[in-house]
Trainee: 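Have a look at the structure that comes next, please.
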Amino acid sequence: MITLDFLENVEVFKELDDNQLAEVQKYCRETEFSRGDKIFGAGEAPRYLWVVMDGQVALQWELPGRSALPETTITTLSEKMTFGWSSLVPPYKYRLSAYCSTRTCKVMQIEKDALINLFEQDAEIGYKVMIKLLSVVGSRFLNLQDEVAKRRGSDIMNQW
Amino acid sequence: MTILYFLKNVDIFKGLNDVQLTQIQQGCREKEYHSGNRLFAEGETADRIWIVMNGQVDLRFDLPGRPTSEENTIFSITATSTLGWSSFVPPYQYKLSAYCATRTCKILQIDKEFLFNLFKKDFRMGFLIISNLAGVASTHFHQLQNSATGPPSSAITITVHMATCGIATGAREVMTALMEEIYSSGRQDIRVKSSGCIGKCPTEPNVTVEIGGEEPVVYQKMTPEKICQVFQKHIIKGKVQEDYKLI
C-alpha cells in the first residue's frame, strides 16, 4: 500500500494537497526488482511513470543493438526520485534505459493513461505535476549534457 | 500577420483558445537580431521564453575556453518554435547558447513572471503550456542525444524545411518521425537540421537529403509514413525514392 506520507514527499507530487494526492494514490502500485534487472529499455513505449521507493536505479544511455556499459550511466536515482518522464510527454518513448543498481530496489509504478486522464479532468493537478516533471526533464538534460561534454572532450583529446 | 494569428501556430500554445491567446498577447514584445548576434548564453539567468517569428536561431553547446562555432550547433529552430524552457526549471539558467543564424531574425519574448501570473488564475492554461514546454524540452533532449552519437562531420545530412508554411502542413510531425527512425536504426553518421522555406510552399513539407558528395535530393509533400520509407530505402539502402522527388 502506497501511503500519502510517502506520496507527498515524491518530487513531482510536492505541490499537491491531500485530496489531490488521494486521487493519484488510486493508480500507484509497488513492485520490486533485483540487481541488474532492466526496468524499461530506451525506445520502448511507456506504460508507467516510476518513483524509487527503496534502493537505487541507474539510468543508462544505450544505442539500439548495443549492450550497456557501466560508463553510459548518466545518473543514479534514490528514494522519492521520479523517472520515466517520457511516459507523460509526446512522442511517449523512453529516452534512456533504467536498471536496478542495488541488491534489490522497490519502485512505485503509476499508470500513465490514468494520470493523463486525471490531468484532463483536473487541470490544477495536471499543472502542479507537469511543472515538477519539467524540472525532472531539465535535470536529466544536464546529466546528458555532462556526458556529452565528456565525450566531446575525449574526442578533442583524441584528435591531438 | 497579426500576433494573435501567429500565436495560434506557436508550438507551446497548442490547445489554447482565443481568449487565452489574447491574454498572452499582452505580454509579448518583439525584438530583432542580426547574423551572429547572441540571444542568450549558457549559464545566464533564464527569466523569459523566446519564440522565433522569422529567421533561424542556432542552439549551440559552446565548449569552455573555445570560440563559438557552427560545428557545436546541436540544432536549429525556425518560425513558431520556442526556446527557454529552463526559465521554469531550477536553477533557472539557460542550458545552451542561442545565436541568430540568418541575416536577421525576429523574436517574441514573454517574461516568465507574466506567464506565472496567468497560470495562477487559469490552471488549464498553465497545464497546457507547461506540458507543451515539456514536449520542447523532450525534443531538445533527443536532439542532444543524436548530436552526440554522430561524428563532428557527418556523411549524411537531412534538412527538414520548417518555416511556417512547412509546419502548417505537418513538417514538425515529419521531423519527429525522422528522429525516431534514426534513433531506432542506431546510425551515428546522420545529421538532422531544420531550416527555412525553400520557396516551394505548395509542396511542403519538403525535406532535403544529402549523402556524401552526391547531388542533394529534395523530397516533397512528406508525411511521417513517407519519410520513414525515404529513410529505409534511400538513406539506408541508397535507392532514391523517385515518386516523392520534387521535380
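No hydrogens, no waters, no symmetry mates; every other heavy atom, side chains included, goes into these values. Reminder, nothing fancy here: chain letters follow the sequence lines and each chain counts from 1. Quick caveat: nothing in here was measured; it's all calculated off a predicted structure.
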Trainee: Atom CG of B/L133 and atom CG of A/L133: how far apart are they, to the nearest 0.5 Å?
Mentor: 12.5 Å
Trainee: Looking at A/R95, A/E120, A/R140, which makes the most heavy-atom pairs under 4.5 Å with chain B?
Mentor: A/R95
Trainee: Would a 4.5 Å heavy-atom cut-off, applied to side chains only, mark B/M125 and A/Y127 as touching?
Mentor: no
Trainee: Tell me, do A/P90 and B/S138 make a side-chain contact under 4.5 Å, heavy atoms counted?
Mentor: no
Trainee: Among A/K128, A/K132, A/M130, single out the residue with the greatest number of heavy-atom pairs under 4.5 Å to chain B.
Mentor: A/M130
Trainee: Is the shortest heavy-atom distance from the side chain of A/Q145 to the side chain of B/L96 under 4.5 Å?
Mentor: yes
Trainee: At their closest point, which heavy atom of A/L144 faces which heavy atom of B/F141, and how far apart are they?
Mentor: CD2-O, 3.6 Å
Trainee: What's the separation between atom CG in A/L134 and atom CD1 in B/I130, rounded to the nearest 0.5 Å?
Mentor: 6.0 Å
Trainee: Between A/G138 and B/V89, what is the shortest heavy-atom contact and its length?
Mentor: CA-CG1, 4.0 Å
Trainee: Is it true that atom NZ of B/K112 has more than 12 heavy atoms of other residues, nucleotides or ligands lying nearer than 6.0 Å?
Mentor: yes
Trainee: Got a second to check how far A/L142's CG is from B/Q93's CD, nearest 0.5 Å?
Mentor: 9.0 Å
Trainee: I need the minimum non-hydrogen distance between A/G126 and B/F127, along with the two atoms involved.
Mentor: C-CD1, 3.3 Å
Trainee: Is A/K38 atom NZ crowded by more than 12 heavy atoms from other residues, nucleotides or ligands, each under 6.0 Å away?
Mentor: yes
Trainee: Measuring heavy-atom distances to chain A, does B/F116 have an atom under 4.5 Å in its side chain, in its backbone, in both, or in neither?
Mentor: side chain
Trainee: What part of B/S131 lies closer than 4.5 angstrom to a heavy atom of chain A: side chain, backbone, both or neither?
Mentor: both
